[in-house]
Amino acid sequence: MKALALLSGGLDSILATKRVLDQGIEVVAVYFVLPVVAEKEDYAGKTAKRFGIPLIRVEVGDEYLDVIRNPKYGYGSGMNPCIDCRIYMLREAKRIAREVGAEFIVTGDVLGERPMSQYRKALILEEKEACLEGLILRPLSAKLLPETIPELEGWVDRNTLLAISGKSRKPQIALAEKFGLQDEYPSPSGGCLLTNKEFASKVRDLFAHKEKATTQDVLLLRIGRHFRFKDYKIIVGRNEDENKLLLELKKSKDYAFEVPGCGSPITILECSETKSKEAIELAAKLTARYSDAGVDKREVLVEYWNGEGKMSIIVSPLDEDEVEHLRI
């Protein structure tokens, strides 16, 4: 008997996977790489290695952005289409389960933990939309939910499953300590960036100005300070690591800006075929504003370049009101 477990690397998915493994069932894990989730550590990879199970990483394509742009079941507190996102992943999981020969799907869902996607009606809806009715086992809340095919067929012993519900994580933390997993999962404060007000604003701006956005466009939203002037996007790096990333992600037609000879951000002006002198000047002024030179100088030399060579311009740094007017 084989199961496919959705392993995000969070505590709930780790415990759900272990609960099934402890019944002697072969488990293959799948991890969805989403452009709207920022993780500093590979908890899913660490867990798969600890449990000795294979891990399939699925990097979602640009079609995933249609889920965010046009969710059938709406948004949560920000731009988070939780139900539609879950349905997307379950449909993909169904396809992968067929490929690996898994008979059912395992998730770390906890009844009532998340207000939008983990209440009873939402769980039923997600199963139905993914055409997986009766084939999704939720070990942490199974005793509070209808029996699934794996339980009815005797593949899984329902008596060993749990009845956890609500937002409190105390039962999960206690189980993690019991199994020696207390240092193997991230804090619950991270997760989907679409619930973040600032990031959600950046996504709305992207969709408003770009009909065919890509996952790379969304990844760029996680880097730097973002500003909008008409149809031009300006991104200002916040530290050395972001400066390097912006240069790596810069397209040949885009302009890069820097104040030479002092601590300076890298600024990227995303350009279409048309070039705006006003946009170039504003990008230079923002670069000067966030450079060390912008602290006490009225005039700052800013260098900028694209595929056509390096140029320079002398500008006055923007004041705070002007900066906020442009900020996304």
Side-chain angles (χ1 to χ4, degrees), residues 4-20 29-39 43-44 47 58 60 64-65 67-94 105-130 132-133 135-146 148 161-176 181 184-200 203 218:
L4 180 73
L6 273 63
L7 184 62
S8 68
L11 178 56
D12 293 341
S13 68
I14 292 171
L15 292 173
T17 301
K18 178 163 178 54
R19 211 65 181 172
V20 174
V30 59
Y31 173 74
F32 291 97
V33 183
L34 306 177
V36 294
V37 176
E39 288 192 346
Y43 286 100
T47 300
V58 177
V60 302
Y64 176 73
L65 301 187
V67 175
I68 302 174
R69 190 192 286 265
N70 299 301
K72 182 178 179 180
Y73 296 103
Y75 297 112
S77 58
M79 283 283 287
N80 48 310
C82 299
I83 293 176
D84 294 84
C85 180
R86 198 64 172 169
I87 292 167
Y88 174 91
M89 288 191 285
L90 288 172
R91 285 173 176 167
E92 285 296 296
K94 181 182 179 181
I105 309 291
V106 177
T107 78
D109 289 321
V110 171
L111 187 64
E113 184 176 82
R114 297 184 186 277
M116 188 174 180
S117 61
Q118 291 184 347
Y119 61 95
R120 193 177 300 271
K121 286 184 179 179
L123 296 178
I124 294 170
L125 173 65
E126 290 157 13
E127 282 193 16
K128 184 177 180 180
E129 287 278 8
L132 282 169
E133 290 148 299
L135 289 171
I136 300 176
L137 180 70
R138 302 175 174 93
L140 302 186
S141 295
K143 287 185 176 179
L144 301 174
L145 299 168
T148 61
L161 304 179
L162 303 171
I164 300 174
S165 66
K167 296 180 181 181
S168 173
R169 289 166 58 86
K170 289 181 180 179
Q172 292 97 308
I173 291 171
L175 277 173
L181 299 170
E184 301 294 325
Y185 61 91
S187 67
S189 58
C192 181
L193 294 171
L194 292 170
T195 61
N196 177 279
K197 184 179 178 181
E198 181 181 333
F199 190 83
V203 174
V218 176

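In this text the structure is predicted, and so the values were computed from the model without any measurement.
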Separation between CZ (Arg19) and CG (Leu162), nearest 0.5 Å, reads 4.5 Å
Under 4.5 Å between any side-chain heavy atoms of Val30 and Glu92, yes or no? no
For atom CZ of Arg91, is the number of surrounding heavy atoms from other residues, nucleotides or ligands below 6.0 Å larger than 12? yes
Val110/Gln172 under side chain to side chain contact (heavy atoms under 4.5 Å, CB included): CA gap, chis, key distance, verdict: CA-CA 10 Å; Val110 171; Gln172 292 97 308; 3.8 Å; yes
Separation between CD of Glu126 and CD1 of Ile87, rounded to the nearest 0.5 Å: 6.0 Å
If we only count heavy atoms from C-beta on, is the Ile14 to Leu7 side-chain gap below 4.5 Å? yes
Where do Pro139 and Thr107 come nearest, in terms of heavy atoms and distance? CD-O, 3.4 Å
When rounded to the nearest 0.5 Å, the distance separating CZ of Arg114 from CZ of Arg86 is 8.5 Å
Residues Leu15 and Ala176: closest non-hydrogen pair is CD2-N, 4.1 Å
Taking all non-hydrogen atoms of both residues into account, name the closest pair between Leu111 and Ser141 and its distance. N-OG, 3.0 Å
If you count every heavy atom of other residues, nucleotides or ligands that lies below 6.0 Å from Glu133 atom CD, does the total exceed 12? yes
CG of Asn80 to SG of Cys85, rounded to nearest 0.5 Å, is 9.5 Å
So do Leu135 and Ile105 actually touch side chain to side chain, heavy atoms under 4.5 Å? no
Using side-chain heavy atoms (C-beta onward) and a distance below 4.5 Å, is Leu194 in contact with Tyr75? no
Without swapping roles, check the side chain of Arg120 against the backbone of Leu144 for a donor-acceptor pair under 3.5 Å. yes
Of the non-hydrogen atoms in Ala16 and Val106, which two are nearest, and what is the gap between them? O-CG1, 4.0 Å
What pair of heavy atoms forms the shortest contact from Ala142 to Leu161, and how long is it? CB-CD1, 3.5 Å
Do the non-hydrogen side-chain atoms of Leu175 and Lys18 ever get within less than 4.5 Å of each other? no
Could you give the distance from CG (Leu6) to CG (Asp12), rounded to the nearest 0.5 Å? 12.5 Å
Side-chain contact, heavy-atom cut-off 4.5 Å: Ile83 with Glu129? no
Evaluate the side-chain proximity of Leu137 to Val20: yes if any heavy-atom separation is below 4.5 Å, no if none is. yes
Side chains of Tyr43 and Leu11: does their closest heavy-atom pair fall under 4.5 Å? no
Distance-minimising heavy-atom pair for Ala122 and Met116: CB-O, 3.7 Å
Quick one: pull up CD1 in Ile136 and CG in Leu123 and give me the separation to the nearest 0.5 Å. 8.5 Å
Checking the side chain of Asp109 only, and the main-chain atoms of Gln118 only, is there a donor and an acceptor separated by less than 3.5 Å? no
Contacts of Lys121 meeting side-chain contact (heavy atoms from CB on, under 4.5 Å) (sequence neighbours excluded), chain-then-number -> Tyr119
Got a donor-acceptor contact below 3.5 angstrom from the Ser13 side chain to the Ser8 backbone? yes
From CA spacing to verdict: side chain to side chain contact (heavy atoms under 4.5 Å, CB included), Tyr64, Val36: CA-CA 10 Å; Tyr64 176 73; Val36 294; 4.0 Å; yes
